[in-house]
Amino acid sequence: MTRERSDFIRDIIDADLKAGIHQKVATRFPPEPNGYLHIGHAKSICLNFGLAAEYQGTCNLRYDDTNPTKEDVEYVDSIEADVRWLGFAPSAVLFSADYFGRMYAWAEALISAGKAYVCDLNDEEIRAYRGTLSEPGKPSPWRDRSVAENLDLFRRMKAGEFPDGARTLRGKIDMASANMKMRDPLLYRIRHAHHHRSGDEWCIYPMYDYAHPLEDAIEGITHSICTLEFENNRDLYDWVMEATGAAAASGHARSPRQYEFARLALDYTVMSKRKLLQLVTGKHVLGWDDPRMPTIAGMRRRGYSPEAIRAFCDLIGVAKANSSVDIGKLEYCVRDDLNQTAPRVLAVAAPLPFEITNWAELANVEGIGSNSQVVLDAPYWPADVGKPGSRNVAFGATVLVDHDDFQESPDSDFLRLAPGRTIRLRYAYCVTCDEVVKNADGSIAKLRGRVHPESKAGGKVAGGQKVWGVIHWVDAATSLPAELRVYDRLFSVAKPEEGGGDFLANMNPNSLTTLRSARVEASLATAAAGSRWQFERTGYFVVDIVDSKANELVFNRIIDLGQRTTKVATADAAAPTAPTAPTKNAKAATRPKSKSPQEFREEARKRDPGLLAEFDRIAALLGNNTHDADLLAGDTATAAFFAACTAGGAAPATTAKWMINELPRVLGDAELASTPIDAARFTALLQAIERNELTASAGKQVLAELARAENQSTAFAELAARFRTSNDAGALDASIAAVLAANSDKVAQYKAGKTGLIGFFVGNVMKANPGADAGAVNKAVASALAK
RNA sequence: UCGGGGAUCGUCUAAUGGCAGGACAGGAGUUUUUGGUACUCCUUAUCAAGGUUCGAAUCCUUGUCCCCGAACCA
């Protein structure tokens, strides 16, 4: 499959598919219906549904509604609407609540298997028994109840005999686990509450950590993708999967696996549901769909298209590093989309009348009455977009231009209207400003000037005078009044949540500007709610889907055109995005310091005199290299392995080097004992290297082969023969020549100075000659290239 | 008894020991009846120090910094 994107999730799926672990991909998007979806959810939606589409798999929309006290049907409805609006069709729309029966049955099975128990501790006691990050917990006094008693109690919990909080069902795992999530986690709690879907059928509800893996298992999810903060929950996810056998019981050959990616953070906004809710309930915004909100509903009303949002999600990628995306990337995607999809029309935000003094002359030329307007044909699209379509615009004796397009004493970089200047009115005529009429207070009331009839539709001005530019306008008589709502960022700082203060204090007081005296061209009278337009030179606007009416037009500004208007403005934009001082996380500061691996090894030797003696012996053997000795004598298995290799005849220095640098690489997270590599084969490898039968790079490849379980039976000698050092200079030269010939473009680049390419050539030669000495190849390639 | 993750241009993200690539932002220019678009060119990065290797962003060691975890939330 060819695809333009690559990320670690897709890599995992590719590998799973290739290895035959899965034949199909099944994902899910599992929101809790306790709020509106936001752009962060869009990232997850695009990932999960996008994966399903790319791999011809499925993606369910599943409501993770296991907590009746926080959830609501209003949210359920909005979530599905938002997902569909974004352009995705769920393979199925499902509810965790519908699985409560099966989850309950598995809980009873867990109890019967001695893997879960009913605990009578209250919440405070549970917390106390759980221990802390650096101290183990202690077992609940109720941990060893009999299966019969647990079953009885659990059934009575379900039957409603106990009040909220009286008892819980807990997994019997390990109160001393380093992972707090595994210290006998709560599986069920009592909640006498009405559930938006299951009503009053249940008074015990499963916890996320118990419910989620079961939901995935029931639905046959293959890749359960969530955000980074659930990394600690993965062990528990796997425990539930294993302990219940839910996947197999649901008819699925493989258990789902959980993978975590970094959630989206965006500059100049907040993304937590709690804070978003706070904005809504505190009336800091007009609602969940306020166009300034980062919610899907807000962006929809703002005029962002689903395509733009999906493009943004593609643009930012998927990775495991916490990051905060520049809001400019979203704005880029929105503009990029709108440029191709929004027809151009004329609108004036702050009208300034321009009276045409020679209107009679124009009327005569155009052959119309002095009280009517010239009708001009204006294309909806610029030539570079190249789409068909146009509309009529009227041009009368008075036109309205934008206040911003006139300066009485123009700045040096101001390219628009000023007294005495001639300018083109878009799609119409050139006009010259002859007179500025002022109000009593000195403000500008209107402009007066001449139109140049011969300049219609691109014609030159007869006098040959300079035309300063092109500005937008509307006809005074036929244009329509409209309200323009201009939005800016909701927060005035890039990271409103940082700094420890109240994030609300960072709100931008000017995030909404309402322009009530705007005028738009008459053709917009019939513009559909939600339709998007470019008001030329002003920005992109959408007809508000809530407030706009036929004779009371309301437009939301989607985004400006991104014009770098003046030098001053650019300097402003480039100005310090306030180097945000790395704020100290109070929580992190209270975290206890953990031991380094080095300290662990040292302590191991303190406990074990035998290991300490080994350390001294190895250090002496390596010429008092205590650094290496520390690594080799940090645990008994490693020390024994080293001892066995050297006793078997391998040189201590070589053994140390390979054990320290190369062995961990092929081992990965696995323990030495659990791999097919034993001391005998490793020793044989080291000796072959010492005898120059294997080069260093060949040795590494042999080691990698050795580490693969399926090669357990492969004789070392066979591998060694495959990679044996060869000194066939003739073959090598031919191989080098072939590589250079096949990459003549790179050879040219190399000769032009891109010397880093040497590695590319050597790598290719090495692939063809596994036994060659890379050092020699390097020299040979260099000299071949020098010719 | 602390454990689990992470760190690559200003920003986001590629490069599974072999060319540090792309996009956004920024700069310069060309085109343009939008100070838009398009096109061309340019600037800019592997957290630090050691080690292994012919060759390290990638493997090893030590350190630094950041995030997550002790809800009957998800």
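Just so it is clear: chains get the letters A, B, ... in the order the sequence lines come, proteins before strands, and each one is counted from 1.
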[X] [atom1] to [N] [atom2]: how many Å, rounded?
X         : N      : atom1 : atom2 : answer
Asn625(A) : G50(B) : CG    : P     : 17 Å
Arg665(A) : U53(B) : CZ    : P     : 13 Å
Tyr63(A)  : A74(B) : OH    : C1'   : 16 Å
Arg335(A) : G35(B) : CZ    : P     : 15 Å
Ile316(A) : A25(B) : CD1   : C1'   : 16 Å
Lys456(A) : U33(B) : NZ    : P     : 19 Å

Exercise. Given A20(B), G4(B), A38(B), which nucleotide is nearest the side-chain atoms of Glu231(A)?
Worked result: G4(B)
Problem set entry | Nucleotide nearest Lys700(A) when distance is taken to its side chain, options G17(B), G3(B), G18(B) | G17(B)
Say we look at [N] and [M]: how far apart would their [atom1] atoms be, to the nearest angstrom?
N      : M      : atom1 : result
A49(B) : C54(B) : P     : 23 Å
A48(B) : A56(B) : C1'   : 16 Å
C9(B)  : A57(B) : P     : 14 Å
A14(B) : U53(B) : P     : 31 Å
C42(B) : A25(B) : C1'   : 14 Å
G63(B) : G69(B) : C1'   : 24 Å
U30(B) : C68(B) : P     : 50 Å
U16(B) : U62(B) : P     : 26 Å

Need one value for [X]: base, sugar-phosphate or nothing, where a base atom within 4.0 Å counts as base even if backbone is also close, heavy atoms only.
X         : result
Phe600(A) : sugar-phosphate
Ile423(A) : nothing
Thr69(A)  : nothing
Arg424(A) : base
Lys273(A) : nothing
Asn233(A) : base
Gly458(A) : base
Asp64(A)  : sugar-phosphate
Asn122(A) : base
Asp384(A) : base
Lys779(A) : nothing
Arg426(A) : base
Arg263(A) : nothing
His472(A) : nothing

For this session: Decide yes or no for Arg537(A) and Asp405(A): does some side-chain heavy atom of the first lie under 4.5 Å from some side-chain heavy atom of the second?
Result: yes
For this session: Establish, yes or no, whether the cationic atom of Lys138(A) lies under 6.0 Å from the six-membered ring centre of Tyr129(A) and within 45° of the ring axis.
Result: yes
Exercise. Honestly, is Arg191(A) close enough over Tyr205(A), meaning NZ or CZ under 6.0 Å from the six-membered ring centre and within 45° of the axis?
Worked result: no
Looking at the base of [N], is there any donor atom on it, or on the side chain of [X], that sits under 3.5 Å from an acceptor on the other one?
X         : N      : result
Arg234(A) : G4(B)  : no
Lys657(A) : G51(B) : no
Asn661(A) : G51(B) : yes
Asn322(A) : C67(B) : no
Gln534(A) : U34(B) : yes

Problem set entry | Cationic N near anionic O, under 4.0 Å, Arg416(A) to Asp404(A) | no
In terms of ring plane angle, is the pair [X] and [Y] parallel, tilted or perpendicular, where the classes change at 30° and 60°?
X         : Y         : answer
Tyr380(A) : Trp533(A) : tilted
Tyr237(A) : His212(A) : tilted
Phe395(A) : Trp473(A) : perpendicular

Exercise. Between Glu124(A) and Leu757(A), which is nearer to the 5' end of RNA chain B once each is assigned its nearest nucleotide?
Worked result: Leu757(A)
Exercise. Of Leu186(A) and Phe8(A), whose closest RNA chain B nucleotide lies nearer the 5' terminus?
Worked result: Phe8(A)
For this session: Report the glycosidic orientation of A71(B): syn if within 90° of 0, anti in every other case.
Result: syn
Exceeds 12 heavy-atom contacts within 6.0 angstrom, atom [atom1] of [X]:
X         : atom1 : result
Glu599(A) : CD    : yes
Lys779(A) : NZ    : no
Lys460(A) : NZ    : no

Exercise. Got a donor-acceptor contact below 3.5 angstrom from the Asp560(A) side chain to the Gly562(A) backbone?
Worked result: yes
For [X] and [N], is the shortest distance between a side-chain N/O and OP1 or OP2 below 4.0 Å?
X         : N      : result
Arg344(A) : U33(B) : no
Ser697(A) : U53(B) : no
Arg537(A) : G35(B) : yes
Arg62(A)  : A74(B) : no

Exercise. Please, what dot-bracket string fits RNA chain B when only Watson-Crick and G-U pairs with both distances under 3.5 Å count, crossing ones use [ ] and pairs to another strand use |?
Worked result: .((((((..((((....[..)))).(((((.......)))))....(((((..]....))))))))))).....
